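Take a look at the structure below.
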Amino acid sequence: MQKNKTEFKPYIPAEKVVPEFTVTSILIGILLAIVFGAANAYLGLRVGMTVSASIPAAVISMGIVRVILRRDSILENNMVQTIGSAGESVAAGAIFTLPALFLWAEEGKIDTPSILTIFLVAFVGGILGVCFMVPLRQALIVEEHGTLPFPEGTACAEVLLAGEEGGSKAGTVFAGLGIAAAYKFIADGFKLFPSEIGYDFKGYAGSHIGIQVLPALAGVGYICGPKISSYMLAGGTLSWFVLMPMIALFGAGATIFPATKSISELLPSDLWGSYIKYIGAGAVAAGGIISLVKSFPLIIRTFKQAMASMSNNKNKSDLPRTQQDIPMPILLVMILVIAIAIWLLPAFPVSPIGALVVVVFGFFFATVSSRMVGLIGSSNNPVSGMAIATLIIATLLLKATGTDGTTGMVGAIAIGGIICVIAAIAGDCSQDLKTGFIVGATPKKQQIGEMVGVLASSVTIGFVLYLLNAAWKYGSDQIPAPQATMMKMLVEGIMNAELPWGLILVGVCIAIVVEIVKIPVLPFAVGMYLPFSLSAGIMAGGAVRYLVERRKGSEEEKKKRVDKGLLFTSGMIAGEGIVGIILAALAVLKVDSKIILPFALPQVGSFIIFFVLLAGLYMLCVKKEK
């Protein structure tokens, strides 16, 4: 690839005009935005992580637009994935923060948040994310072409350029979707076998080993890879086999805040909920701050590039189609209107200072997010770390300016929710604009398409959150909402001065040690915070990816194997997420108990079935194409 922007020639030249922002691309894109938004919302609320939907959206787009509808426009396909992938990012920002409001409502502290409130937080954050990304496009996408890899954006471009393969690749995604959907329905619908197996070690009090045998976890592990999965498992091992047994050993019969029972009475799950959550939260917060500090030189450079590129382009008129962005005056008016709306609308209980915090931190984190996804990809973008840093600062600012108590806590979550969506959408928009840069799309049309995707997913995300909460309640075993629970805990603790700072600081110090020994802090810290069974399930998928990568063959063969698995596991995640939403609807309608079978396999049956699923994934990846 060429590094100089004048030397790079996109697939569709600037002077050529082909169908792009069409009714077909908009409708299919909206459908994918809703589906991937709902699926990722379920995944994030269960696991605490989301994955990029750009690649599966691009593949499904190829399968529908090119193969089924027989339409031959690569830019139309690109628009479908641009709109479709926005749903995943809106879901990621929303589910990391907004379920905290449902948890407070359950405790009787506030009223249940309205659908309108959820829509406004998601929509405002999404539109700001796109607006903040537009002036960064020239600096990050064009001038850094060949320097910043933008993994998902480049991969999407490869999928779109290999148009004749669209049908077979889409078939791989749909196969993963179907298998995972059937697996999930049999496990958690019919309850033929338990989806989590585990064992408490009686001679090693406080410890517990287990694994959640679900396809989405294996899919997350495969997509993240063996290294990230192993870091998460290492964090879980430290919590469940070192820290918890130490608390059980030295605490014995003592009752230590925040637990209300003596430590000797607490099960491993109680030890995790009472102590490890706070230690893990401290580690995750420290990890997020460390990642921001380390990327600060990149942030400064990005700001300088953005300002320089804007000043260079402001006097240019009649730009080529492939260099046209939404005009800066329009962006500034949109940002100003949104800032005033955040201040005045009752859905956002924030002062003018809170509105200013949203805009300033939003642009800052949009810059961080765009640069980070350019380096490491959207799936590894530390959005939750940015949200934690924002929440801590916003809570302290609100408290210092007199907005305290329940109003201050709700305001902090609203600010954190908007910032979280901004960071997620800015990262997603960066990847999409990179894809468009390679294939020759019109940036302005992509940016409008991104806003369409934001609108569609913002309208539906509130209904998804209501449905899941009505079915199982956030904080339950079925839908633990780990990130939102942690955000609630931090905001409450700071606002009410009840945070167990000793436990938080233990986590911070562990994060610092992990950083010193050059282990990525965030995946390790997330592993500390999540139940061990989740990390074990993710590690299983990472192990399959390791075996696929280790198999002999040329680099091209290895890449094809890995890519096939990426498509299949993306489908697995979507399939389980969709069935999760269906099961939630059945639970709300009170018919879920009527489909449960009168018998169930023992735990060993669950393990065997999960092993067969993993073996099938491996065989699919290494199978030679005819």
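Just so it is clear, the structure is predicted and the values come from calculations on it, not from any experiment. Both backbone and side-chain heavy atoms feed into the values below; hydrogens, waters and symmetry mates do not.
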Under 3.5 Å, side chain of [X] to main-chain N/O of [Y], donor-acceptor pair present?
X	Y	answer
Lys399	Gly408	no
Ser239	Gly527	no
Ser535	Leu233	no
Thr435	Gly153	yes
Gln447	Ile326	yes

Quick one: pull up [atom1] in [X] and [atom2] in [Y] and give me the separation to the nearest 0.5 Å.
X	Y	atom1	atom2	value
Lys444	Gln324	NZ	CD	5.0 Å
Leu136	Ser430	CG	OG	7.0 Å
Phe150	Asp432	CZ	CG	11.0 Å
Asp428	Met133	CG	CE	10.5 Å
Ile413	Thr395	CD1	OG1	7.5 Å
Asn469	Leu98	CG	CG	12.0 Å

Could you report the tightest heavy-atom contact between [X] and [Y], atom names first, then the distance?
X	Y	answer
Ile573	Ala216	CG1-O, 3.8 Å
Val454	Ala122	CG1-O, 4.3 Å
Val90	Val421	O-CG2, 4.2 Å
Ser370	Ala426	OG-O, 3.7 Å
Val464	Ala38	CG2-CB, 4.0 Å
Cys420	Gly93	CB-O, 3.6 Å

For [X], give me all partners under side-chain hydrogen bond (donor to acceptor under 3.5 Å, both in side chains), at least two apart in sequence or on another chain.
X	value
Thr117	Ser114
Thr97	none
Lys109	Glu107, Glu492

### Task
Decide yes or no on side-chain contact (heavy atoms from CB on, under 4.5 Å) for Met232 and Phe524, but give the supporting numbers first.
CA-CA 5 Å; Met232 291 185 66; Phe524 186 92; over 6 Å; no
### Task
List for me each residue that meets salt bridge (Lys or Arg N to Asp or Glu O under 4.0 Å) alongside Arg137, sequence neighbours excluded, and say none if there are none.
Asp325
### Message
Going by salt bridge (Lys or Arg N to Asp or Glu O under 4.0 Å), name the pairs with one or both residues in residues 451-473, residues two or more places apart or in two chains.
### Response
Glu106-Lys473
### Message
Using the ring pair (Phe, Tyr, Trp, His ring centres under 6.0 Å) criterion, which residues pair with Tyr42? Sequence neighbours excluded.
### Response
none
### Message
Can you list everything that forms a ring pair (Phe, Tyr, Trp, His ring centres under 6.0 Å) with Phe102? Sequence neighbours excluded, please.
### Response
Tyr466, Tyr474
Could you work out, with side chain to side chain contact (heavy atoms under 4.5 Å, CB included) as the rule, every residue matching [X], not counting sequence neighbours?
X	answer
Met334	Ile127, Cys131, Ile330, Met451
Val337	Val333
Ile256	Ala254, Ile263, Tyr275
Pro520	Tyr231, Pro523

### Task
Applying side-chain contact (heavy atoms from CB on, under 4.5 Å), run through Ile415 and Leu398 and close with a yes or a no.
CA-CA 11 Å; Ile415 292 172; Leu398 290 171; 4.2 Å; yes
### Query
Please, which pairs that meet side chain to side chain donor-acceptor pair (under 3.5 Å) have at least one residue in residues 502-530, sequence neighbours excluded?
Lys294-Glu515
### Task
Determine, step by step, whether Ile510 and Met528 satisfy the side-chain contact (heavy atoms from CB on, under 4.5 Å) criterion, reporting the C-alpha distance in whole Å, the side-chain angles of both residues, the deciding distance to 0.1 Å, and the verdict.
CA-CA 10 Å; Ile510 290 173; Met528 285 182 63; 3.8 Å; yes
Are side-chain heavy atoms of [X] and [Y] found at a separation under 4.5 Å?
X	Y	result
Leu490	Ile504	yes
Phe36	Ser85	no
Glu450	Leu455	no
Gln81	Leu32	no

### No-hydrogen, no-angle side-chain donor-acceptor test under 3.5 Å, Thr82 and Gln446
yes
### Message
Let's go through Met328 and Leu332 carefully: what are the C-alpha distance in whole Å and the side-chain angles of both, what is the deciding distance for side-chain contact (heavy atoms from CB on, under 4.5 Å) to 0.1 Å, and is it a yes or a no?
### Response
CA-CA 6 Å; Met328 188 57 63; Leu332 292 176; 4.2 Å; yes
### Query
Would you call the rings of Phe364 and Phe361 parallel, tilted or perpendicular if under 30° counts as parallel and over 60° as perpendicular?
perpendicular
